[in-house]
Amino acid sequence: MLSTRVQDALNEQIKMEGSSSNFYLSMAVWAEENGYAGVSQFLYKHSDEERFHMLKLVKYINERDGKVIVPAFDQPKSDFTSVKQLFEELYQHEVAVTQSIGELVGICLEEKDFTTQNFLQWYVSEQLEEEALAKTVLDKIKLMADDKSAWYHFDRDIAGLTATSIADTSGQ
Ligand code: OFO
């Protein structure tokens, strides 16, 4: 049985994961409109992953006989000045999600809900990988600056990049 406090916090996290999915979908659309086919593919995939994170929480609450609140989402931002700015926002967003997961884990510990705390460890690891991925992409963008040929290769290669592939190359 979930405590009301844990259940409310899990529902808040459902909203955050769903909002992340919408935000990245909006980024994908912008990238596609602006001719960055690889970047948009990467972002469409990332958006799907966030929806999966939301669904995983939905299933968990139901499994524990709790009450899921399917949230309304605010309309995400749809305009970006550059791919660099877009990834800066993506990175900051991931940092905020990591913080939110940390607070959720803290609530579980206070409520002595070790089952949910254990379930959330998957999200703790996932955030570590996603932050690393966003940081790696940002670092690449900073290195490329205005090098057009580097941008061509970047847009081609990023389509195949995932959080797992970054974790594998960084030995995590
Ligand atoms: Fe849900 O994994 Fe990032 O935000």
Side-chain angles (χ1 to χ4, degrees), residues 2 6-32 36 38-64 66 68-78 80 83-109 113 115-141 157-172:
L2 295 169
V6 168
Q7 180 174 287
D8 288 351
L10 287 170
N11 273 307
E12 274 304 306
Q13 194 61 37
I14 284 178
K15 183 167 188 177
M16 190 159 209
E17 301 292 343
S19 302
S20 303
S21 176
N22 269 4
F23 190 27
Y24 298 159
L25 178 59
S26 186
M27 288 180 172
V29 169
W30 179 89
E32 196 163 43
Y36 295 99
V39 171
S40 79
Q41 248 181 280
F42 170 87
L43 291 164
Y44 278 123
K45 205 163 49 186
H46 207 348
S47 169
D48 283 347
E49 281 170 16
E50 297 300 346
R51 180 174 156 76
F52 169 72
H53 300 170
M54 177 182 72
L55 290 178
K56 201 172 158 71
L57 286 159
V58 166
K59 296 276 184 195
Y60 178 76
I61 295 180
N62 274 343
E63 233 175 64
R64 299 288 311 274
V68 172
I69 312 285
V70 177
F73 302 120
D74 296 332
Q75 187 176 348
K77 170 178 173 166
S78 59
F80 303 89
V83 172
K84 180 167 177 250
Q85 187 236 337
L86 181 152
F87 275 101
E88 270 162 0
E89 292 207 25
L90 187 147
Y91 176 66
Q92 288 311 328
H93 188 78
E94 287 300 331
V95 170
V97 174
T98 302
Q99 194 179 340
S100 170
I101 293 287
E103 281 161 17
L104 188 47
V105 169
I107 289 172
C108 291
L109 289 174
D113 182 344
T115 309
T116 306
Q117 186 250 340
N118 187 45
F119 162 77
L120 289 172
Q121 291 315 302
W122 183 87
Y123 287 83
V124 171
S125 310
E126 184 70 12
Q127 279 312 118
L128 181 69
E129 288 179 4
E130 290 197 349
E131 265 194 44
L133 173 63
K135 189 75 180 38
T136 303
V137 172
L138 252 189
D139 288 346
K140 277 187 201 294
I141 289 174
D157 295 344
I158 193 173
L161 214 56
T162 60
T164 319
S165 64
I166 288 293
D168 289 348
T169 54
S170 63
Q172 284 168 17

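When a ligand or atom number is given, it counts from 1 through the structure's own listing order.
Checked for salt-bridge contact, Asp113 and Arg64 meet the test: a charged N lies under 4.0 Å from a carboxylate O. Salt-bridge check for Lys77 with Glu89: passed, with a basic side-chain N closer than 4.0 Å to an acidic carboxylate O.
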In sequence, state the C-alpha distance, the side-chain angles, and the governing distance for Arg51 and Asn22, and then conclude on side chain to side chain contact (heavy atoms under 4.5 Å, CB included). CA-CA 9 Å; Arg51 180 174 156 76; Asn22 269 4; over 6 Å; no

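The distance from the NE2 atom of His46 to the CD atom of Glu50 is 5.5 Å, given to the nearest 0.5 Å.
When side chains are defined from C-beta on, Tyr123 counts as touching Leu57, because their heavy atoms get closer than 4.5 Å.
Annotation: protein N, O or S atoms under 2.8 Å of atom 1 (Fe) of ligand 1 (waters excluded) comprise Glu17 OE1, Glu50 OE1, His53 ND1.
Of the N and O atoms on the side chains of Gln92 and Glu88, not one donor lies less than 3.5 Å from an acceptor on the other residue.
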